[in-house]
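Chain A is the first sequence line, chain B the second, and so forth, proteins listed ahead of strands; every chain is numbered from 1.
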Number of protein chains: 2
Amino acid sequence: MKPTESELEILQVLWAKGPSTVRQVNEHLSQTRDIGYTTTLKLMQIMHEKGLLSRTEEGRYHIYQALIGEEETQQHLLDRFVDTAFRGSAMKLVMQALGNSKATPQELEELQKLINHLNPENNEPDERL
Amino acid sequence: MKPTESELEILQVLWAKGPSTVRQVNEHLSQTRDIGYTTTLKLMQIMHEKGLLSRTEEGRYHIYQALIGEEETQQHLLDRFVDTAFRGSAMKLVMQALGNSKATPQELEELQKLINHLNPENNEPDERL
DNA sequence: AAAGATATACGAATCGTTTCGTAGAAGTCA
DNA sequence: TGACTTCTACGAAACGATTCGTATATCTTT
């Protein structure tokens with residue numbers, strides 16, 4: 001339930017590319033860092049044992065698939081992170097993340113909508129749901 | 001520059017309480033989890049070696065102090081976290097953190113101000129800087 | 001069929017973090 | 001002074017994560 005950094009890397013690939021073989025995942029990972037094939041293999045085997053990945057035998061190959069969702073995992077990691085790094089204050093995190101990001105107007109607008117959702121009383125009415 | 005989880009715990013205490021002895025830090029930590037005195041001692045010694053903490057001898061005691069700032073450290077951790085968990089998308093993180101937090105109206109208002117700052121063009125004018 | 005490439009399985013080395021036991025120095029108290 | 005407590009220092013065990021070497025099986029190619 002709490003993937004390590006390496007495991008997260010692999011999950012990222014599987015989330016992005018869908019079910020994949022070890023080689024495909026490894027190919028992808030080696031683009032950004034030095035990692036041997038058997039290292040990726042071992043990692044994915046362990047993740048399979050842990051129940052993070054499913055595995056289907058396709059002839060000689062094994063095809064792996066993420067068993068936990070991206071958003072769900074992100075939410076979990078986020079909760080943990082807020083606790084450890086921001087002492088539980090999600091707002092502090094939000095402010096700091098936002099302050100240092102170069103958000104596009106579109107993104108800000110989306111965010112604006114979300115805020116209006118959260119706070120139907122206050123602020124100028126914008127659109128009803 | 002990249003404190004571990006345990007180190008972060010200790011930093012939190014020092015940030016909150018200011019310069020402290022090992023015992024004071026340990027006392028605080030033991031309130032929330034099982035940890036021996038010498039464990040805390042060793043950790044703080046290592047952090048001192050790493051340059052995370054300064055140390056002043058006060059008679060028989062050592063008084064430790066955080067050498068890195070809270071916000072600065074949080075920013076650093078946050079950047080890293082956005083990269084690894086949210087593939088660099090700070091906005092995705094913000095939206096998700098916000099969506100799951102129960103923010104008070106005051107907090108939302110603060111956030112609103114920040115957004116208006118960031119996006120002077122769009123939205124209703126609110127206040128000039 | 002033989003050689004070579006490519007798959008999985010698995011044991012083990014390595015590395016960083018965390019934890020604690022033990023020793024010795026220094027202060028406190030009866 | 002002698003027993004206790006309370007510091008720091010330090011070595012090393014324990015643990016988890018990461019990495020890779022090697023063995024073996026299975027294809028592919030000539």
Side-chain angles (χ1 to χ4, degrees), chain A residues 1-14 19-65 68 73 76-77 80-81 83-85, chain B residues 1-14 19-65 68 73 76-77 80-81 83-85:
Chain A
M1 254 308 175
K2 200 200 58 165
T4 68
E5 291 233 332
S6 290
E7 290 175 343
L8 193 53
E9 279 186 331
I10 288 173
L11 285 171
Q12 303 276 21
V13 175
L14 292 175
S20 311
T21 64
V22 173
R23 180 147 303 276
Q24 291 171 322
V25 171
N26 180 252
E27 216 100 285
H28 204 273
L29 291 186
S30 2
Q31 286 174 10
T32 44
R33 73 184 183 97
D34 232 29
I35 185 168
Y37 173 82
T38 53
T39 301
T40 305
L41 172 65
K42 182 72 167 193
L43 276 173
M44 292 176 73
Q45 282 172 344
I46 291 174
M47 291 172 76
H48 178 236
E49 281 171 23
K50 287 188 188 175
L52 290 171
L53 305 183
S54 75
R55 185 166 81 176
T56 355
E57 315 219 354
E58 191 82 27
R60 181 156 74 115
Y61 302 91
H62 285 174
I63 300 195
Y64 290 87
Q65 186 168 4
I68 57 179
T73 304
H76 186 245
L77 291 173
R80 244 184 96 70
F81 182 70
D83 279 350
T84 61
Chain B
M1 255 303 177
K2 201 200 57 167
T4 67
E5 291 233 330
S6 291
E7 291 174 343
L8 193 53
E9 279 186 331
I10 289 174
L11 285 172
Q12 303 276 23
V13 176
L14 292 176
S20 311
T21 65
V22 173
R23 181 147 302 277
Q24 291 171 322
V25 172
N26 181 252
E27 215 100 285
H28 204 273
L29 291 186
S30 4
Q31 286 173 10
T32 45
R33 73 183 185 97
D34 232 28
I35 186 169
Y37 174 82
T38 54
T39 302
T40 305
L41 172 65
K42 182 73 168 190
L43 277 173
M44 292 176 72
Q45 283 172 344
I46 291 174
M47 292 172 75
H48 178 236
E49 280 170 23
K50 286 190 187 174
L52 289 171
L53 305 183
S54 74
R55 185 166 80 176
T56 354
E57 315 219 353
E58 192 82 28
R60 183 154 75 112
Y61 302 91
H62 285 176
I63 300 194
Y64 290 88
Q65 186 169 6
I68 56 179
T73 304
H76 185 246
L77 292 173
R80 242 184 98 70
F81 182 70
D83 279 351
T84 60

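Ring planes of B:Phe81 and A:Phe81: parallel class, angle under 30° (limits at 30 and 60°).
Under the 3.5 Å distance criterion, the side-chain polar atoms of B:Glu7 are matched with a main-chain donor or acceptor of B:Thr4. A donor-acceptor pair is defined here as one N or O able to donate and one able to accept, closer than 3.5 Å; no such pair exists between the side chain of B:Gln24 and the backbone of B:Val13. A donor-acceptor pair is defined here as one N or O able to donate and one able to accept, closer than 3.5 Å; no such pair exists between the side chain of B:Thr38 and the backbone of B:Leu41.
Across the protein-nucleic acid pair, B:Glu5 atom CD and C:dT19 atom P stand 11 Å apart, rounded to whole Å. Remark: C1' of D:dT6 and CD of B:Gln24 are 14 Å apart, rounded to the nearest angstrom. When the C1' atom of D:dC15 is taken as reference, atom NZ of A:Lys2 falls 13 Å away, rounded to whole Å. Atom pair A:Met47:CE and C:dA9:P shows a separation of 16 Å (rounding to whole Å applied). In this structure, OH of A:Tyr61 is placed 15 Å from P of C:dA5, rounded to the nearest angstrom. Rounded to an integer number of Å, the gap from CG of B:Asn26 to P of D:dT8 is 11 Å. Rounded to whole Å, atom P of D:dT22 lies 16 Å from atom CG of A:Leu41. One atom, CD of B:Glu49, and another, P of C:dG16, lie 14 Å apart when rounded to the nearest Å.
The residue A:Tyr37 sits close to a base: some heavy atom pair falls under 4.0 Å.
Of the candidates D:dA9, C:dT18, D:dT19, the closest approach to any side-chain atom of B:Leu43 belongs to C:dT18. With D:dC20, D:dT8, C:dA7 as the candidates, the nucleotide lying closest to the side chain of A:Thr38 is D:dC20. Here C:dT18 is the nucleotide among C:dT19, C:dT22, C:dT18 with the atom lying nearest to any side-chain atom of B:Thr4.
Residue B:Gln45 places at least one side-chain N or O closer than 4.0 Å to OP1 or OP2 of D:dA9. Side-chain N/O atoms of B:Arg55 include one lying less than 4.0 angstrom from OP1 or OP2 on D:dA9. A sub-4.0 Å separation between OP1 or OP2 of D:dT18 and a side-chain N or O of A:Thr39 is absent.
For a distance-only test at 3.5 Å, the side chain of A:Lys42 qualifies as a donor-acceptor partner of the base of C:dG11. In the interface, the side chain of B:Arg60 is paired with the base of D:dT6 through a donor and an acceptor atom under 3.5 Å apart.
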For this session: Could you check B:Arg55 against B:Glu49 for salt bridge (Lys or Arg N to Asp or Glu O under 4.0 Å), going step by step and ending with a plain yes or no?
Result: CA-CA 10 Å; B:Arg55 185 166 80 176; B:Glu49 280 170 23; over 6 Å; no
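Of the two residues near DNA chain D, A:Gly36 and A:Gly59, the one whose nearest nucleotide lies more 5' is A:Gly36. Between B:Tyr64 and A:Glu7, it is B:Tyr64 whose nearest contact on DNA chain D lies nearer the 5' terminus.
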